[in-house]
Enquirer: 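I have a structure I would like to understand better, so I am pasting it below and will then ask my questions one at a time.
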Amino acid sequence: MKLSKTYEPNQYEENIYALWERSEAFVADPNSKKEKFSISMPPPNETGTLSLGHALFITLQDIMVRHARQQGKDVLWLPGTDHAALPVNALIEKQLAEEGTDKHAIGREEFLRRTREFVGNSRDTMIGQMRAMGASADWTRLRYTLDPTLNRCVNETFIKMHNDGLIYRGARIVNWDPNLQTTISDDEVEYTEETTKFYTLKYGPFEIGTARPETKFGDKYVVMHPDDERYAQYKHGDTFEAEWINGPITATIIKDEAIDPSFGTGVMTITPWHSHVDFEIAERHNLDKTQIIDFDGKLLPIAAEFEGSNISEAREGIIKKLEAKGLVIKVDDNYVHNIALNERGKGVIEPQIKMQWWVDVNKPVVEWNGKKQTLKEVLQSVVRDGEIDIIPQRFEKTYFHWIDNLRDWCISRQIWWGHRIPAWYRTDTNGTVETYVGDTPPTDTSEGWNEWQQDPDTLDTWFSSALWTWSTLIDPEVAADPNATLEEMFKRSPDFQAYHPTTVLETGWDILFFWVARMILSTTYVTGQVPFKDVYLHGMVRAEDGKKMSKSRPESIVDPLTVIPEYGTDALRMALIMGVSPGNDQNWSKAKIETNRNFCNKLWNIARYIEGTLDDSLERGVKPEPVSAADHWVLKQLSDGADTVATHIAAYRFSEAYDVVYHLIWDEVADWYVEASKSAQNASVMNYVLESVLKLAHPIAPFVTETIWQTLHPDSDTLLTLAPWPQAAKYDTEQAEAFEKIKTVVSEVRQIKTLLGITGASLFFTDAPFIENNAEIIRKLTRLDTVRQVTDGKGLYLTQTTESCWLDIDIETAREFTSKLEEKQAAAHKQIGLLNSRLGNAAYVDKAPKHLVDQTKQLLTDLQAEVATIEEQLAQFKELSS
RNA sequence: GGGUGAUUAGCUCAGUUGGCUAGAGCAUCUCGUUUACACCGAGGGGGUCGGGGGUUCGAGUCCCUCAUCACCCACCA
């Protein structure tokens with residue numbers, strides 16, 4: 001016996017993974033003629049270790065790619081990691097602060113050196129963890145967002161977009177994080193509710209409301225809706241004098257439709273430098289903009305005596321001053337509003353006007369389907385026209401809504417870790433600035449100009465991840481050729497030619513906007529192709545109590561690497577897909593992982609049983625020669641099961657695919673076929689069953705299946721992971737049906753035996769070949785004394801079915817069973833009533849599909865026969881009792 | 001303010017285009033050690049599918065409406 005009594009995953013997994021990798025089983029071959037299947041692995045952030053969320057995406061993608069290999073496709077699953085600019089940069093800055101220094105003290109070079117060292121270490125850890133989770137990725141093609149090739153792609157994309165006017169530099173309002181000292185994009189802002197004071201202030205003849213009096217120093221425009229009749233007497237452009245925080249000012253009336261007349265007094269003053277909405281109003285009317293708060297969050301000289309104060313500290317003082325002037329009309333202590341936070345680090349966002357690089361989403365210069373479109377329009381059309389399908393479909397609505405609200409994308413960041421912006425500046429003696437966008441600065445040295453200096457900023461991480469499906473496929477040698485254009489890079493890269501567009505993108509719904517939408521945006525524009533044909537979105541893995549796993553509750557976090565040694569990777573993988581539907585969140589469940597550990601053990605023991613039974617005749621690739629009804633039946637189950645599973649996987653229904661595998665293996669193969677085989681063994685079929693079972697379960701449970709495969713045939717050089725999906729075997733339908741009838745008889749006998757507590761009894765039959773041929777199987781499965789053919793009549797008998805067999809019982813047992821029979825009789829009558837009324841309904845008979853009507857009729861016939869049998873038995877009991 | 005999801009057995013959840021008597025895992029109850037597995041086997045109990053209305057021959061599934069919970073987006077000074 002080569003297999004131990006229970007499956008001990010941690011004894012095998014590492015070796016099995018090493019075997020796969022050694023065999024180059026996961027290496028793609030762009031030159032092969034096979035159908036292509038490709039997935040870009042979402043690159044995890046290089047911040048340390050992997051979570052259950054990573055385990056989930058690895059599982060889902062691994063199932064797809066392993067199954068694609070089984071179906072004979074050439075598969076590329078390209079792995080990689082992301083430099084994760086903002087989180088990593090923040091992490092290193094935190095380390096520096098703990099050492100009592102900062103990035104300016106150590107300088108850019110040293111900062112980058114330290115960061116590289118840190119991410120290098122975490123990358124190695126993470127890649128080891130991905131292997132531990134069974135990821136059958138092509139590690140020979142491992143990519144990193146800061147690789148020279150990918151960096152080249154980033155620069156070329158930036159330059160191309162700049163040349164087309166899709167990237168521009170401009171002073172616009174940004175989301176500024178004073179803590180991290182950088183801008184962030186709209187999508188990185190999150191909001192949290194806060195209760196604060198709301199002040200109503202006197203502003204000339206008006207009353208205005210504000211929660212932020214500290215921003216009001218420079219307010220010199222008062223805005224109202226043009227149709228607001230309360231203020232009809234004031235004309236757009238009128239001016240008036242008013243007493244304000246630091247003395248008298250001249251204010252101007254502005255009429256703008258952005259104002260909601262029903263909110264407060266319907267009048268507000270604006271602070272264009274520190275509010276998105278106010279900025280837009282100011283832009284529309286070409287108004288002055290004044291900075292009040294500096295980039296550290298402190299008040300500027302315009303605040304007079306408050307200069308240099310933190311905004312929150314200054315607030316009380318400003319209100320006191322306004323009160324002294326009699327300008328405070330009302331204070332509401334319970335005003336609830338949203339404050340903006342940076343989702344990374346939770347710093348409060350202060351809108352500022354700043355010169356930044358932007359992607360213009362409204363400029364119609366993108367060639368798509370023969371038309372010049374805007375980036376927004378392309379984003380919409382590829383999903384609307386079905387060039388990309390999002391699963392589950394409801395996320396398409398979310399996606400369109402996001403596009404509707406999309407503004408120009410701010411892509412420059414004031415941090416050091418990331419792709420340096422390929423823009424260069426130089427000044428002449430008059431202070432004139434010249435800008436150049438390109439990989440390297442121009443080499444000319446004109447008289448009177450200073451040297452070219454590169455823009456100090458870096459790009460938003462998502463700008464580079466947006467290129468991931470194709471930048472990873474560019475041949476590094478081609479990318480190293482400085483003369484190669486983007487078009488040439490595509491043409492001369494075999495991987496790009498073979499694997500792009502990728503087949504499917506699998507990721508969490510939480511990065512639909514950050515990543516998925518940005519990939520569509522950049523990739524359609526640069527390559528003229530969609531990045532992928534399907535998008536499958538999975539949900540989040542929450543803690544066992546249904547709340548988010550969070551660092552603030554360390555006990556809520558489940559680390560996959562502590563789960564794997566105890567239960568095995570396969571159990572973890574199965575626990576993460578069992579009973580989970582696309583896009584829906586799931587709760588971590590200890591019970592689920594135990595169930596699946598048990599399933600692995602069940603699989604192991606099926607193999608162990610077959611191994612013990614077949615011994616020397618254990619073979620591979622055996623053609624099944626079915627003999628018994630059970631043989632034919634199990635071949636049918638496997639064949640139907642393989643089809644169903646393949647259909648489910650192709651439709652991304654992983655939970656259902658697994659459900660079929662689970663019950664096929666446990667309920668049908670183990671509980672019926674293996675048990676039946678104890679009466680009559682068929683080596684060829686058992687060999688085939690074992691092999692098929694391993695193949696069916698392999699995409700979901702790769703380790704235990706390959707372990708069994710390798711352990712049973714240690715000399716073989718084949719790998720289960722490269723074996724094809726089971727082919728349908730030939731079986732006889734009637735024989736397969738006969739076994740279904742046997743199952744029914746066995747189940748019913750077991751039911752009666754348990755119900756009545758019968759230990760020994762006999763099953764008699766007169767004319768039932770399917771029983772005659774399987775008498776021993778039935779006897780064993782029912783644990784009856786005898787299963788025997790008789791020639792005479794029935795005598796006293798008991799059965800729940802119309803099958804031509806019965807349990808031979810005594811009158812006492814019969815009496816006990818009477819009430820059960822009466823219950824069944826009543827239930828059957830009720831059902832017959834229902835069916836009769838359905839068939840009596842002319843509309844049903846007319847309109848329902850014929851096969852359903854036939855089915856109903858058949859059901860009715862069966863039930864009527866059943867009732868007849870029951871009644872016959874009851875009459876018999878009654879007669880014998882009297 | 002706009003949107004999405006959830007509401008199905010004691011618990012956690014599946015249920016593809018509407019179609020047999022609505023399923024799973026866990027829990028629970030009763031039996032059981034039999035050529036693999038107690039990480040096991042056999043059998044049972046448990047649901048008017050959140051409420052109301054509608055469409056249909058037929059609704060857990062489609063439409064309307066209400067309720068509760070969760071999340072996303074926008075953001076109002």
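Chain identifiers are assigned alphabetically (A, B, ...) following the order of the sequence lines, protein sequences preceding nucleic acid strands; residue numbering begins at 1 within each chain. Remember, it's a predicted structure, so these values are computed and weren't measured experimentally.
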Enquirer: Which residues in residues 208-224 of chain A have at least one heavy atom lying under 4.0 Å from any atom of RNA chain B?
Expert: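 Here the set is G209(A), T210(A), A211(A), K216(A).
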Enquirer: Look at all strands and tell whether N841(A) reaches a base, only sugar-phosphate, or nothing, counting heavy atoms closer than 4.0 Å.
Expert: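 Sugar-phosphate: the residue N841(A), judged by heavy atoms under 4.0 Å, touches backbone atoms but no base.
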Enquirer: Respond yes when some side-chain nitrogen or oxygen of Q586(A) is under 4.0 Å from OP1 or OP2 of C13(B), and no when none is.
Expert: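 For C13(B), OP1/OP2 do not have a side-chain N/O of Q586(A) under 4.0 Å.
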Enquirer: W604(A) vs Y12(A) aromatic rings, parallel, tilted or perpendicular, using cut-offs 30° and 60°?
Expert: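 Geometry flag for Y12(A) against W604(A): tilted rings.
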Enquirer: Figure out the CD/P separation between Q751(A) and G32(B), and round it to whole Å.
Expert: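 About 19 Å, once rounded to whole Å.
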Enquirer: Just call it for A651(A): base, sugar-phosphate, or nothing, with non-hydrogen atoms closer than 4.0 Å on any strand.
Expert: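 Contact class for A651(A): none.
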Enquirer: Heavy atoms only: give me the nearest I577(A)-F654(A) pair and the separation to one decimal.
Expert: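 Result for this residue pair: CD1-O, 4.1 Å.
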Enquirer: Once you apply the 3.5 Å cut-off to both distances, tell me the Watson-Crick or G-U wobble partner of A42(B), or none.
Expert: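 By the stated definition (distances under 3.5 Å), U30(B) pairs with A42(B).
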Enquirer: Of the nucleotides A24(B), A36(B), C13(B), which one has an atom closest to the side chain of D659(A)?
Expert: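 Among the listed nucleotides, the one closest to the side chain of D659(A) is A24(B).
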Enquirer: So what does H663(A) hit on the nucleic acid, given a heavy-atom distance under 4.0 Å: a base, only sugar-phosphate, or nothing?
Expert: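 Answer is sugar-phosphate: H663(A) comes under 4.0 Å of backbone atoms only.
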Enquirer: Select base, sugar-phosphate, or nothing to describe what N596(A) touches, counting heavy atoms under 4.0 Å on all strands.
Expert: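 No contact.
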Enquirer: Under 4.0 Å between any heavy atoms, over every strand shown, what does K753(A) touch: base, sugar-phosphate, or nothing? Just pick one.
Expert: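 Contact class for K753(A): none.
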Enquirer: Would you say a side-chain N or O of R653(A) is under 4.0 Å from OP1 or OP2 of U17(B)?
Expert: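 False: R653(A) side-chain N/O out of range (4.0 Å or more) of U17(B) OP1/OP2.
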Enquirer: For Y191(A), which contact category applies under a 4.0 Å heavy-atom criterion: base, sugar-phosphate, or nothing?
Expert: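 Touches a base.
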Enquirer: Counting only side-chain N and O atoms of Q831(A), is one of them less than 4.0 Å from OP1 or OP2 of U21(B)?
Expert: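 It does, given that an N or O in the side chain of Q831(A) lies less than 4.0 Å from OP1 or OP2 of U21(B).
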Enquirer: Check whether any side-chain N or O of K5(A) sits under 4.0 Å from OP1 or OP2 of A38(B), and answer yes or no.
Expert: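 Yes, within the criterion.
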Enquirer: Expressed as a whole number of angstroms, how long is the span from D186(A):CG to C73(B):C1'?
Expert: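 So the two atoms are 12 Å apart, to the nearest Å.
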Enquirer: Please state whether the rings of Y662(A) and Y658(A) are parallel, tilted or perpendicular, taking 30° and 60° as the class boundaries.
Expert: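 Rings of Y662(A) and Y658(A): perpendicular, as their planes differ by over 60°.
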Enquirer: For D186(A) and W409(A), does a side-chain donor sit closer than 3.5 Å to a side-chain acceptor?
Expert: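 No, no side-chain donor-acceptor pair sits under 3.5 Å.
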Enquirer: Base, sugar-phosphate, or nothing for N405(A), non-hydrogen atoms under 4.0 angstrom?
Expert: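 If one applies the 4.0 Å heavy-atom cut-off, N405(A) turns out to touch the sugar-phosphate alone, with no base involved.
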Enquirer: Identify, between H337(A) and E8(A), the residue whose nearest nucleotide on RNA chain B lies closer to the 5' end.
Expert: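 Final value for this comparison: E8(A).
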Enquirer: Using a 4.0 Å heavy-atom cut-off across all strands, classify R750(A) as base, sugar-phosphate, or nothing.
Expert: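 Sugar-phosphate contact only - R750(A) comes under 4.0 Å of backbone atoms but never of a base.
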Enquirer: Is there a side-chain contact between R783(A) and the phosphate of U33(B), meaning an N or O under 4.0 Å from OP1 or OP2?
Expert: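 Indeed not, no polar side-chain atom of R783(A) lies that close.
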Enquirer: Applying side chain to side chain contact (heavy atoms under 4.5 Å, CB included) between N587(A) and each of R542(A), M540(A), K547(A), E544(A), report the one that passes.
Expert: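 It is R542(A), the one option of R542(A), M540(A), K547(A), E544(A) that forms the side chain to side chain contact (heavy atoms under 4.5 Å, CB included) with N587(A).
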Enquirer: Has N587(A) got a side-chain N or O lying under 4.0 Å from the OP1 or OP2 atom of C13(B)?
Expert: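 Yes.
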Enquirer: Would you mind pulling out the nucleotide paired to A74(B), Watson-Crick or G-U wobble, both distances under 3.5 Å?
Expert: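 Pairing partner: none.
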Enquirer: Check whether any side-chain nitrogen or oxygen of K678(A) sits under 4.0 Å from OP1 or OP2 of U35(B), and answer yes or no.
Expert: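 No, because none of the side-chain N or O atoms of K678(A) sits under 4.0 Å from OP1 or OP2 of U35(B).
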Enquirer: Quick one: is S581(A) getting a side-chain N or O under 4.0 Å of the A14(B) phosphate, OP1 or OP2?
Expert: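 The answer is yes; a side-chain N or O of S581(A) sits under 4.0 Å from OP1 or OP2.
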Enquirer: Measure from the side-chain heavy atoms of R838(A) and tell me the nearest of C39(B), A42(B), U21(B).
Expert: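 Of all the options, the side chain of R838(A) is nearest to U21(B).
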Enquirer: Rounded to whole angstroms, how far apart are OH on Y844(A) and P on A59(B)?
Expert: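 Answer to the nearest Å: 12 Å.
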Enquirer: Assess K216(A) against Y199(A): is NZ or CZ under 6.0 Å from the centre of the six-membered ring, and within 45 degrees of the ring's axis?
Expert: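 Cation-pi check for K216(A) and Y199(A): fails.
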Enquirer: Taking atom P of C37(B) as reference, at what distance in whole Å does atom OH of Y673(A) sit?
Expert: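 About 19 Å, once rounded to whole Å.
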Enquirer: Whole Å only: how far is the CD atom of E257(A) from the C1' atom of C76(B)?
Expert: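 Taking CD of E257(A) and C1' of C76(B), I get 16 Å after rounding.
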Enquirer: To the side chain of R407(A), which of C20(B), C75(B), C37(B) is closest?
Expert: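 Ranking C20(B), C75(B), C37(B) by closest atom to the R407(A) side chain puts C75(B) first.
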Enquirer: Within the 4.0 Å heavy-atom criterion, would you say V267(A) contacts the bases, only the backbone, or no part of the nucleic acid?
Expert: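 Here V267(A) touches no strand at all.
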Enquirer: Is U35(B) paired to anything, Watson-Crick or G-U wobble with both distances less than 3.5 Å, and if yes, which nucleotide?
Expert: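 Base partner found: none.
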Enquirer: Looking at the side chain of P849(A), which of G19(B), G25(B), G41(B) is the nearest nucleotide?
Expert: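 From the listed options, G19(B) comes nearest.
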Enquirer: Would you indicate what Q858(A) reaches in the nucleic acid, counting non-hydrogen atoms under 4.0 angstrom: base, sugar-phosphate, or nothing?
Expert: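 Touches nothing.
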Enquirer: Could you check whether T861(A) and Q858(A), counting side-chain N and O atoms only, form a donor-acceptor pair closer than 3.5 Å?
Expert: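 Their side chains do not contain a donor-acceptor pair, so the 3.5 Å distance test is not met.
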Enquirer: Just the rounded figure in Å: distance from P of C75(B) to CG of D187(A).
Expert: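 The distance from CG of D187(A) to P of C75(B) comes to 11 Å, rounded to the nearest Å.
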Enquirer: Is the distance between the ring centroids of F513(A) and Y399(A) less than 6.0 Å?
Expert: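 Judged by ring-centre distance (under 6.0 Å), F513(A) and Y399(A) do not meet the cut-off.
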Enquirer: Using the six-membered ring of W672(A), assess whether NZ or CZ of R750(A) lies under 6.0 Å from its centre and within 45 degrees of the ring axis.
Expert: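 Yes, R750(A) lies over the aromatic ring of W672(A).
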Enquirer: Let's test this: given Watson-Crick or G-U wobble pairing with both distances under 3.5 Å, identify the partner of U17(B).
Expert: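 By the stated definition (distances under 3.5 Å), nothing pairs with U17(B).
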Enquirer: So, D585(A) and W509(A): side-chain donor and acceptor under 3.5 Å apart, yes or no?
Expert: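 Short answer, yes.
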Enquirer: What contact category does I259(A) fall into here, base, sugar-phosphate, or nothing, at under 4.0 angstrom with non-hydrogen atoms?
Expert: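 Since a base atom lies under 4.0 Å of I259(A), the category is base.
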Enquirer: Is a donor-acceptor pair below 3.5 Å formed from side chain E675(A) to base A42(B), judging by atom type as modelled?
Expert: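 Per atom types, no contact qualifies.
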Enquirer: Of the nucleotides G2(B), G41(B), U56(B), which has the atom closest to the D671(A) side chain?
Expert: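 Given the options G2(B), G41(B), U56(B), the side chain of D671(A) is closest to G41(B).
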Enquirer: Rounding to an integer number of angstrom, what distance separates C20(B) and G60(B) when you compare their P atoms?
Expert: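 Looking at atom P only, C20(B) and G60(B) are 10 Å apart.
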Enquirer: Would you say a side-chain N or O of N605(A) is under 4.0 Å from OP1 or OP2 of C39(B)?
Expert: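 Negative; the distance criterion is not met.
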Enquirer: Answer with base, sugar-phosphate or nothing: what part of the nucleic acid does N584(A) contact at a heavy-atom distance below 4.0 Å?
Expert: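 Sugar-phosphate, backbone atoms only, no base.
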Enquirer: Assign each of S677(A) and V746(A) to its nearest nucleotide of RNA chain B by heavy atoms, then name whichever residue's nucleotide is nearer the 5' end.
Expert: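 Its nucleotide being nearer the 5' end, the pick is S677(A).
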Enquirer: Just checking Q11(A): does its CD atom have more than 12 heavy atoms from other residues, nucleotides or ligands closer to it than 6.0 angstrom?
Expert: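 Buried by this count: over 12 neighbours within 6.0 Å.
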Enquirer: Which base sits across from U56(B) as a Watson-Crick or G-U pair, both distances under 3.5 Å?
Expert: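 Matched U56(B) with nothing under the 3.5 Å cut-off.
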Enquirer: Between the side chains of Y844(A) and T856(A), does any donor sit under 3.5 Å from an acceptor?
Expert: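 Yes, side-chain donor-acceptor contact under 3.5 Å.
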Enquirer: Checking contacts here: which listed nucleotide (G5(B), G25(B), G44(B)) is nearest the side-chain heavy atoms of R394(A)?
Expert: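 When the side chain of R394(A) is considered, G5(B) is the closest of G5(B), G25(B), G44(B).
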Enquirer: Could you tell me how far apart Q681(A) (CD) and U35(B) (C1') are, to the nearest whole angstrom?
Expert: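 Going from CD in Q681(A) over to C1' in U35(B) covers 8 Å.
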Enquirer: NA contact type, S589(A), heavy-atom cut-off 4.0 Å: base, sugar-phosphate, or nothing?
Expert: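 No contact.
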Enquirer: If only side-chain N and O atoms of K602(A) are considered, is one of them under 4.0 Å from the OP1 or OP2 phosphate oxygen of G41(B)?
Expert: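 Checking K602(A) against G41(B): at least one side-chain N or O falls below 4.0 Å of OP1 or OP2.
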Enquirer: Look at all strands and tell whether W666(A) reaches a base, only sugar-phosphate, or nothing, counting heavy atoms closer than 4.0 Å.
Expert: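 Sugar-phosphate, backbone atoms only, no base.
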Enquirer: Rounding to the closest angstrom, what is the interatomic distance between G23(B) and C63(B) at atom C1'?
Expert: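 Per the computed distance, 26 Å lies between those C1' atoms.
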Enquirer: If I take atom CZ in residue F599(A) and atom C1' in nucleotide C39(B), what distance separates them, rounded to the nearest angstrom?
Expert: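 F599(A) atom CZ is separated from C39(B) atom C1' by 13 Å.
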